[in-house]
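Below is one structure, written out as structure tokens; the observations come after it.
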2 protein chains.
Amino acid sequence: MIKPQTLKGFRDFLPEDAMKRQYVIDKLRKVFELYGFEPLETPALEYEEVLLGKYGTEGDKLMYRFVDNGGRRIALRYDQTVPLARVVTQYPDLPKPFKRYQIQPVWRAENPQKGRFREFLQCDADIIGTSSPLADAEVITTAVRGIQELGFKKFKVLINDRDLFEDAAKTLRECFRDNLKIQLELFFILAQAVDKLKKSGKDGVLADLEKRGLSEEQAVKSLEIVTRQKPTKCLTEIFEQLKKFGVEENQFFFENTLARGLDYYTGMIFEIEIENYAGGSICGGGRYDELIGIFNKAAGSIPQNWFSEGGGLNIPAVGFAFGFDRLVEAMDELNLFPQDTTTSNVLVTIFSPELLTKSIEMAKILRSKKINTDLYSDPNSKLDKQLKYADKKGIPYALIIGPDEVKNNRVSLKNLKDKTQQTVSQNELLAQLLKSS
Amino acid sequence: MIKPQTLKGFRDFLPEDAMKRQYVIDKLRKVFELYGFEPLETPALEYEEVLLGKYGTEGDKLMYRFVDNGGRRIALRYDQTVPLARVVTQYPDLPKPFKRYQIQPVWRAENPQKGRFREFLQCDADIIGTSSPLADAEVITTAVRGIQELGFKKFKVLINDRDLFEDAAKTLRECFRDNLKIQLELFFILAQAVDKLKKSGKDGVLADLEKRGLSEEQAVKSLEIVTRQKPTKCLTEIFEQLKKFGVEENQFFFENTLARGLDYYTGMIFEIEIENYAGGSICGGGRYDELIGIFNKAAGSIPQNWFSEGGGLNIPAVGFAFGFDRLVEAMDELNLFPQDTTTSNVLVTIFSPELLTKSIEMAKILRSKKINTDLYSDPNSKLDKQLKYADKKGIPYALIIGPDEVKNNRVSLKNLKDKTQQTVSQNELLAQLLKSS
């Protein structure tokens, strides 16, 4: 006896939810393609060595890893950036700059908790092969357009540069010299503590910095230095271009306390927050010029012009990911999904087995006009049951073709929302359904 | 040193291929929704016990199975039908008949060979909960419309009924009584041998039957009985309805030698073959009234009306799957994909860093008109390099905005296919690109 159950931490998406997800994917794909990004697909499984060690110890622990029948050590895709890095290195002939988007699930053996699942969709766009701030600006613009196309009106793009934390750490070191207990990790400590300013307040950040080994004076100074940082030259250029790309000045902000993925990003970083959605940022990204290089040594065939100006092994890259589940949740909360919960515009009912042919013919005509049409699949069901089915699925209209309708060469169109019914000719029917579809 | 390589038996889909796949998926999704099917998504991973034993010993061997960090025995999705069966049982409140489509990858630890991979996309549509031949006919019609929307003009739907093999076996048993060595598996042997009639010819089938234990006389009789079978009552009804649904009489055929998935299907079976494509059938399906029942005993909550008329534990089901890789291959061979190999209609080049603003503004305008626009991401690249990039990506047009163009308030539009170039106003540009996009 087998219990029909979904694996712990995983989700089924029944039609209503699957349609919502598909709606979001379709909108985002269109935006990605509008901005010149092309799709890429990579396998769910990779050699373990391709993925391992790229995400830190924590990542390795959360990876689904196993040995296949052929004794290969393999793992499920943990994100889409490392597979992208592999692809860029493995296919050196890809036209560059390489602008790609990728929308596929990833798997993490996390402890499931509210809003965190072991399988979730990632939705990335990246530009590989140029260190120009133009690419940074275009990536942010694409994310903004995506948010707008989904219907969000009020949002904030928060932008910072990792260099500012490096710079702050340097200033701090110069200030306190040998009195500073922390040296190497100062940059991380500053960033991680100050990032919580909004959440924990000034006192919270100071307490955190002291807990991490700074003196009170040093903590106060740290916060002061970080929060008075001004945009880098690169950020200023990105801001100028954002305006030219059409991003409004009240939509993006320099946020000198923003920190994210600091062992990963190398320059600009950004996040997008939705007003009146408390679930966290729904988009994040930045520049990461060092990650793609991890496969570099092995790929002797990589052309010289892939490399960064310094002639090192880096391949410049900038990109972002939407938090897909949060997007869907935020759209739900703010009522941004279209009202109909079905893909069908109309249910053609079957009045009786004898009149089945009439219903089939009507379904055929509607479908030939590209009107999404469900035909009830069981001619022996009572009409009432068929109408309940349409109602339960959220189909807005039901069509009834009984003996009277056949005699008068008309059909009855039932509006299942306002419970009205009218008897119309075939032409009137098509006009009405084409209008509403 | 890590070698950047794709796991054996798996594939990367670089943009050109990924776009083709997406084109097919989009077309098929539209057709599924046109016919009233709604999307369903299930997780990549399932409890092993949910999948195990449903596909026979061979299936269990080819499944990717492992133990997760929590000690659970889990497996990667092997097909979409068993997860569908689980969903139908687990959520008894789903409106029924339940018409769903599902387009997700499945994984099989097969020995990779030409055209067989360890990860491939499945593309299914099924109707669960009615044994009416109407559902059979609608499922076949949906498959036909899918094929047509992809551009295939000449194809054959071959249709048979599993019952005819049962019937033939019965007749044979009556003919030869105790002289027949094979009894129980006679049905399978008949079906499997005769199915190869087209491929191996009459002599091949007879030899095969004799090798499987029949006498020469019995083999000859077997072939005779099977090939003179006439459509069942159910098939005749399906054929009548197919015509009403608009499937042409030269598109579907009764094929009494067709056999497929005999330990799985319970009634009508069908396949679709494409003329001038030798890679095998690109679609197959049929009625399987017993599979969904496998989870039944555990689900006390299933309402009585889910069950088949006989009151047994069966849940009637009919559906089909497209062979996605074969579809793509057949479309490639028959030249059915749109010509452009890019999603971008135009590349906006950057004449010089000084004129970057002009290019950004033009990209902004084009994108506001929903014209898919790639903006070259590196303002320091030579124009020639930028044009080569567009050419390599198959982008049909490139836009050049140099000092002369700026002075005259015009832009140069280069057609990269016929290598012509014209200087036009912004309005002329929009008109031309909107026409071609």
Side-chain angles (χ1 to χ4, degrees), chain A residues 1-4 7 10 12-13 15 18-19 22 33-34 36 38-47 49-50 66 68-69 74 86-87 89-90 95 97 109 119 127 130 132 134-135 138 241 244-246 295 297-299 343-344 357 360-361 364 367 372-375 377-379 389 392-393, chain B residues 1-4 7 10 12-13 15 18-19 22 33-34 36 38-47 49-50 66 68-69 74 86-87 89-90 95 97 109 119 127 130 132 134-135 138 241 244-246 295 297-299 343-344 357 360-361 364 367 372-375 377-379 389 392-393:
Chain A
M1 196 174 107
I2 302 154
K3 195 175 165 200
L7 186 61
F10 289 76
D12 293 313
F13 297 103
M19 282 183 265
Q22 198 58 56
E33 297 186 357
L34 190 61
E38 294 185 325
L40 173 72
E41 287 180 60
T42 64
L45 289 164
E46 297 264 2
Y47 286 104
E49 66 159 16
V50 165
F66 60 104
D68 76 3
N69 292 345
I74 60 181
R86 176 183 59 70
V87 162
T89 318
Q90 191 173 333
E119 176 181 57
I127 304 179
T130 171
S132 168
L134 174 63
E138 194 169 43
Q241 292 178 354
K244 287 174 196 153
F245 270 118
F295 295 103
K297 286 183 199 160
T343 55
S344 297
T357 298
I360 294 182
E361 282 167 359
K364 178 191 156 191
R367 286 163 177 169
N372 286 358
T373 303
D374 197 359
L375 170 68
S377 305
D378 187 352
Y389 163 92
K392 199 167 173 188
K393 284 183 78 170
Chain B
M1 196 175 106
I2 302 154
K3 195 174 165 198
L7 186 59
F10 289 76
D12 294 313
F13 297 104
M19 281 182 267
Q22 197 58 56
E33 297 185 357
L34 190 61
E38 294 185 325
L40 173 71
E41 288 180 58
T42 63
L45 289 164
E46 297 265 3
Y47 286 104
E49 66 159 17
V50 165
F66 60 104
D68 77 3
N69 292 346
I74 60 181
R86 175 183 58 71
V87 162
T89 318
Q90 191 173 333
E119 177 182 56
I127 304 179
T130 170
S132 168
L134 175 63
E138 195 170 43
Q241 292 178 353
K244 287 174 195 153
F245 270 119
F295 295 102
K297 287 182 198 158
T343 54
S344 298
T357 298
I360 294 182
E361 282 167 359
K364 178 190 157 193
R367 286 162 177 169
N372 286 358
T373 303
D374 196 359
L375 170 68
S377 304
D378 187 353
Y389 163 91
K392 199 167 173 188
K393 284 183 78 170

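By convention in this document, chain letters (A, B, ...) are assigned in the order of the sequence lines, proteins followed by strands, and residues within each chain are numbered from 1.
- Using a 4.5 Å cut-off between heavy atoms, Ile127(A) contacts chain B through its side chain alone, with no backbone atom that close.
- Interface residue Asp12(A): backbone and side-chain heavy atoms are both found under 4.5 Å from chain B.
- Proximity to chain A involves both the backbone and the side chain of Asp378(B), based on heavy atoms less than 4.5 angstrom apart.
- Rounding to the nearest 0.5 Å gives a distance of 6.0 Å between CZ of Arg367(B) and OG1 of Thr373(B).
- With sequence neighbours left out, the ring pair (Phe, Tyr, Trp, His ring centres under 6.0 Å) criterion links Tyr389(A) to Tyr376(A).
- If you measure heavy-atom distances from Leu45(A) to chain B, the contacts under 4.5 Å come from both the backbone and the side chain.
- When each of Val50(A), Leu34(A), Leu40(A) is checked for heavy-atom pairs under 4.5 Å with chain B, Leu34(A) comes out on top.
- Taking chain A as the reference chain and counting heavy-atom pairs below 4.5 Å, the highest number among Ala18(B), Ser132(B), Pro43(B) is found for Pro43(B).
- Across Thr42(B), Asn69(B), Thr357(B), the residue that shares the most heavy-atom pairs under 4.5 angstrom with chain A is Thr357(B).
- Scored by the side chain to side chain contact (heavy atoms under 4.5 Å, CB included) test, Ser344(A) finds Thr342(A), Asp374(A), Ile395(A) as partners (sequence neighbours excluded).
- In this structure the side chain of Phe66(B) never reaches within 4.5 angstrom of the side chain of Ile74(A), judged on heavy atoms.
- One finds the CD1 atom of Ile360(A) at 10.5 Å from the NZ atom of Lys364(A) (value rounded to the nearest 0.5 Å).
- Proximity to chain B involves both the backbone and the side chain of Glu33(A), based on heavy atoms less than 4.5 angstrom apart.
- Contact tally against chain B (heavy-atom pairs below 4.5 Å) for Ala109(A), Pro39(A), Ala44(A), Gly246(A): the top residue is Pro39(A).
- With a 4.5 Å cut-off on side-chain heavy atoms, Pro97(A) and Thr130(A) count as touching.
- Distance check, rounded to the nearest 0.5 Å: CD of Gln241(A) to CG of Leu134(A) gives 5.0 Å.
- Contacts between Glu119(B) and chain A at a heavy-atom distance below 4.5 Å involve the side chain alone, from C-beta outward.
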